Amino acid sequence: MPELPEVQTIVDVLNAAGLPGNRITAVFVHWPKTVATCCTPETFSRRLTGKAILAVRRRGKYIIFELSENFWLLIHLRMTGRLELAALTGQINRHVHVIMNLDDGRRLIFQDTRKFGRFYLTPDPASVIGSLGPEPLDSNFSAKLLTKRLEGRRRQIKPLLLDQSFLAGLGNIYVDEALWLARIHPLRSAHTLTSKEVLSLHRAIRSVLRQAIRNAGTSLGRGKGNFISPKSEQGHNKNQLKVFRLTGQACKRCGHLIERIVVAQRSTHICVKCQL
DNA sequence: AAGAATGTTACATG
DNA sequence: ACATGTAACATTCT
């Protein structure tokens with residue numbers, strides 16, 4: 001579920017809600033595996049308690065909490081992870097795996113139905129995010145850089161774009177959308193893209209991501225895996241999707257029907273008439 | 001109603 | 001390097 005735009009939305013909401021400046025007063029872990037990348041739940045709670053949140057940022061699909069005493073908490077939501085900002089009182093459902101109490105009387109709740117989400121508490125964030133590829137919305141992610149990174153790569157373009165060490169932040173939704181916008185077929189071998197197509201892909205990736213951020217993310221339905229912000233708001237980017245989960249509908253560019261194929265075990269949506 | 005599919009990633013294997 | 005399969009899980013879809 002959460003790709004770059006959704007994670008950015010979460011970070012923006014947390015910042016707007018005044019999370020930085022808070023101190024963490026208590027931590028409860030209900031599913032040890034969530035924090036196991038660092039240590040036992042007890043150690044995790046002990047290390048985190050008392051730390052102040054200095055800043056909240058994003059890198060790829062990671063939410064990054066810069067903490068006092070040179071510690072960092074990185075959270076990857078994987079498929080169904082959610083952060084919710086809530087009052088100290090209130091019901092805790094069975095999908096809540098981590099709770100962080102804050103000294104302003106609120107708490108940050110991590111829930112994750114499929115339990116794939118992971119916390120990383122470390123003095124060395126590079127050990128977690130050091131191998132990520134460039135940030136697609138950074139000014140240093142130029143068409144030139146994309147061209148260079150594509151050079152000599154023979155993988156299919158879709159799995160390559162999903163590879164976080166190639167480019168950080170894209171997931172299944174926005175890769176399909178970007179490839180449609182750039183009119184590139186997902187099975188194309190990366191090195192066969194013309195320079196014109198690479199230019200087009202570069203623009204498409206940035207355009208699709210920026211639009212989704214403007215729309216506060218893509219919420220697809222009302223199911224448990226659906227995107228919802230820490231303030232429990234849905235994103236409204238679904239209306240902007242051109243191919244993702246639109247199998248059987250007319251392509252907005254040429255009218256040909258959208259088809260679904262499987263690429264690298266991921267469901268993939270394309271217009272075979274305009275994506276070549 | 002059983003079985004398949006699901007937006008992510010790490011890891012193993014050829 | 002790259003493709004492919006599997007596993008981590010629970011819910012929803014068919």
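Worth saying up front: this structure is predicted, and the values here are computed from it rather than measured. Order of the sequence lines sets the chain letters (A, B, ...), proteins ahead of strands, with each chain counted from 1.
Applying the 4.0 Å criterion to OP1 and OP2 of B:dT9, one finds that A:Lys61 has a side-chain N or O inside that range. Side-chain nitrogen and oxygen atoms of A:Lys33 include none within less than 4.0 Å of the OP1 or OP2 phosphate oxygen of C:dA8. Applying the 4.0 Å criterion to OP1 and OP2 of C:dT11, one finds that A:Thr80 has every side-chain N and O outside that range. For A:His95 and C:dA10, the shortest distance from a side-chain N or O to OP1 or OP2 is not below 4.0 Å. At the phosphate of B:dG7, neither OP1 nor OP2 sits under 4.0 Å from any side-chain N or O atom of A:Arg78. The side chain of A:Arg155 contributes an N or O atom lying less than 4.0 Å from OP1 or OP2 of C:dA3.
Residues satisfying the side-chain hydrogen bond (donor to acceptor under 3.5 Å, both in side chains) test with A:Arg57, not counting sequence neighbours, are A:Glu66.
At a cut-off of 3.5 Å, with distance as the only test, no side-chain donor of A:Ser127 or A:Tyr120 sits close to an acceptor on the other residue. Using modelled atom types and a 3.5 Å distance limit, the side chains of A:Thr40 and A:Thr43 yield a donor-acceptor pair.
The gap from the P atom of C:dC9 to that of B:dA1 amounts to 27 Å, rounded to the nearest Å. For the C1' atoms, the distance from B:dA2 to C:dA8 is 22 Å, rounded to whole Å.
For A:Glu6 against B:dG7, a side-chain-to-base donor-acceptor contact under 3.5 Å is absent. A donor N or O paired with an acceptor N or O is found under 3.5 Å between the base of B:dT6 and the side-chain atoms of A:Arg114.
Within 4.0 Å (heavy atoms only), A:Arg153 reaches sugar-phosphate atoms of the nucleic acid but no base atom. Within the 4.0 angstrom heavy-atom criterion, only backbone atoms of the sugar-phosphate kind lie near A:Gln164; the bases stay farther away. Note on A:Thr218: nothing from the nucleic acid sits closer than 4.0 angstrom, heavy atoms only.
A donor-acceptor contact shorter than 3.5 Å links the side chain of A:Arg149 to the backbone of A:Phe166.
When the C1' atom of C:dT11 is taken as reference, atom CG of A:Asn226 falls 13 Å away, rounded to whole Å. Regarding A:Leu167, its CG atom lies at a distance of 12 Å from the P atom of B:dT9, rounded to whole Å. Atoms CZ (A:Arg118) and P (C:dA8) sit 11 Å apart, rounded to a whole Å. Between A:Asp176 atom CG and B:dG7 atom C1' there is a gap of 11 Å when expressed in whole angstrom units. Between the CZ atom of A:Arg260 and the C1' atom of C:dC13 there is a distance of 12 Å, rounded to whole Å. Atom CG in A:Leu77 sits about 16 Å away from atom P in B:dG7, given to the nearest Å.
Taking the 5.5 Å centre cut-off and the 30° plane limit, the aromatic side chain of A:Phe227 is not classed as stacked on B:dG7.
Of the listed nucleotides (B:dT8, B:dA5, C:dA3), B:dT8 has the atom at the smallest distance from the side chain of A:Glu3. Here the nucleotide nearest the side chain of A:Gln265, chosen from C:dT6, C:dA3, B:dG7, is C:dT6.
Checked against the 6.0 Å centroid criterion, the rings of A:His202 and A:Phe141 qualify as a close aromatic pair.
A 4.5 Å side-chain heavy-atom check between A:Arg266 and A:Val175 finds every atom pair outside the cut-off.
Ring pair A:Tyr62/A:His76 is perpendicular by interplanar angle, where above 60° counts as perpendicular and below 30° as parallel.
Secondary-structure stems of DNA chain C, taken as three or more successive Watson-Crick or G-U wobble pairs (i with j, i+1 with j-1) under a 3.5 Å distance threshold, comprise B:2-6 with C:10-14, B:8-14 with C:2-8.
Considering all non-hydrogen atoms of both residues, A:Ala190 and A:Leu150 come closest at CB-CD1, 4.2 Å.
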